[in-house]
Number of protein chains: 2
Amino acid sequence: MSENVAGEIGAVAALVRSTFLVNAVYVESAREYGITQQQGQLLCVLMAQPYGMTELGGVLGLAKSSLTGLVDRTERNGLVERRPDPGDSRAVRVALTRRGARLADEFYAETCRRVEELTAGFTAAERDTLAALLGRVVTDNQVPTVFLEPDQVR
Amino acid sequence: MSENVAGEIGAVAALVRSTFLVNAVYVESAREYGITQQQGQLLCVLMAQPYGMTELGGVLGLAKSSLTGLVDRTERNGLVERRPDPGDSRAVRVALTRRGARLADEFYAETCRRVEELTAGFTAAERDTLAALLGRVVTDNQVPTVFLEPDQVR
DNA sequence: CCGGGTAGTTCGCGGCACGAATTTGTTACG
DNA sequence: CGTAACAAATTCGTGCCGCGAACTACCCGG
């Protein structure tokens, strides 16, 4: 296991370093749309559906109080809004505004484009293999849906 | 391309979502050692060798001014130190302290362990394939060495 | 020796994340 | 009922992060 011949890279380092890369792409893409990474992440999550605050905390892995601030700032930017929960007057549904939905679409598409570019040198088969393996990592470890499939959009 | 049969996941979403996962692991691991993700990253980079500030900015993808603060805080924690650069009295070499080196080793090992766990259900061959593909992503896109190979440690 | 470039720091700002305490509303149960 | 336990969010205070602009100290070529 992990016999490292010169020039090869182990699975762990490959995961960590590619994470660093994708993260940078995400940040840069967000920056280009005038939002932060966190706000971009929030928009991408909300593309699927509105969520309550507590629920969002679970998906994004944040404390409740962190979320209040994030939603505050994103709301101030006019991208999301708090709607009253019909069934529970304590609760709130966070949803994209029209502007937020538009920006989410653009940001999402641009981010997809850039991430796809990271595998520009891959054959279709290689890309599929990578997708299948990483897909298992994701499902085995129950990663919440912080990023939709392209065909789930709209 | 990217015909999505039910249950399958595309390469882009797989990359983004696994990034989210690895990132969370990294943050949690750092937290356990009483440091932030950024300080952990700094320690891991410095495990290889000391760096100048500007150089570090390149590796970590941060502005000079961001680095001053990060090194300040990490230095205050006794984990790194600024040493004068012998050849240039403006410059500085940031290096691990003894305590920093010890903590870096532990943090690095624990992070490796946790990241490895993410592929717990994989066969050795699958893990190798994943490593090879992600390794290409990393080298094709010139990711700096923000995380060593296990066999490069020490 | 002087002028242009470089290494780092300082400063001010806003975003981010957290825990503890608080407010308001829900729900269960006696 | 009514009250006690619980749940959804917010508030508050703190510290970390990241940035750009301005600045200091130093290097180096002419």
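Because only heavy atoms are used, hydrogens play no part in the values below, and waters and symmetry mates are left out as well, while side chains stay in. In what follows, chains carry the letters A, B, and so on, assigned in the order in which the sequence lines appear, proteins first and then strands, with residues in each chain numbered from 1. Everything quoted here is computed from the prediction, not taken from an experiment.
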For nucleotides 5-7 of chain D, tabulate all protein N/O to nucleotide N/O atom pairs closer than 3.5 Å, reporting atom names and distance.
residue, atom, partner, partner atom, Å
D:dA7, N3, A:Arg90, NH1, 2.8

Q | Non-hydrogen side-chain atoms of A:Thr74 and A:Leu43 separated by less than 4.5 Å | A | yes

Q. Can you pull the contact range of chain B along DNA chain C, 5' to 3', using atoms under 4.0 angstrom from its heavy atoms?
A. C:dG5 to C:dG19

Q) Can you tell me how far C1' of D:dG18 sits from CG of A:Asn23, to the nearest Å? A) 14 Å

Q: Any chance you could lay out the salt bridge (Lys or Arg N to Asp or Glu O under 4.0 Å) test for B:Glu116 and B:Arg127, step after step, and finish with the verdict?
A: CA-CA 10 Å; B:Glu116 196 150 24; B:Arg127 205 172 287 118; 5.2 Å; no

Q. If you measure from the Lys or Arg side-chain nitrogens to the Asp or Glu carboxylate oxygens, is any gap between A:Asp72 and A:Arg82 under 4.0 Å?
A. yes

Q | Exercise: do A:Gln37 and A:Asn23 side chains pair donor with acceptor under 3.5 Å | A | yes

Q. How would you list, by chain and number, every residue that makes a side-chain contact (heavy atoms from CB on, under 4.5 Å) with A:Arg114, sequence neighbours excluded?
A. A:Val25, A:Glu28, A:Ser29, A:Glu32, A:Glu110

Q. Who passes ring pair (Phe, Tyr, Trp, His ring centres under 6.0 Å) against B:Tyr26, sequence neighbours left out?
A. B:Phe107

Q: Could you check whether B:Arg82 gets within reach of a base, just the sugar-phosphate, or nothing at all, counting any heavy atom under 4.0 Å?
A: sugar-phosphate

Q) Who pairs with B:Arg73 by side-chain contact (heavy atoms from CB on, under 4.5 Å), at least two apart in sequence or on another chain? A) B:Gln39, B:Leu70, B:Arg76

Q. Is the shortest side-chain N to carboxylate O distance from B:Glu81 to B:Arg99 below 4.0 Å?
A. no

(Q) Quick check: closest heavy atoms across B:Leu103 and B:Tyr33, and the distance to 0.1 Å? (A) CD1-O, 4.0 Å

Q. Taking atom C1' of D:dG18 as reference, at what distance in whole Å does atom CD of A:Glu28 sit?
A. 15 Å

Q: Please examine the side chains of A:Leu21 and B:Gln142, heavy atoms only from C-beta on, and report whether any two atoms are closer than 4.5 Å.
A: no

Q. Minimum heavy-atom separation for B:Cys44 to B:Val146, with atom names?
A. CB-O, 3.8 Å

Q.
Judged by each residue's nearest nucleotide on DNA chain D, which is more toward the 5′ side, A:Gly52 or A:Arg31?
A. A:Gly52

Q: Remember a base hit wins even if backbone is also touched, and classify A:Asp88 as base, sugar-phosphate or nothing at under 4.0 Å, heavy atoms.
A: sugar-phosphate

Q. Where along nucleotides 11-17 of chain D does protein come under 4.0 Å, by heavy atom, of base (B) or sugar-phosphate alone (S), with - for untouched nucleotides?
A. B----SS

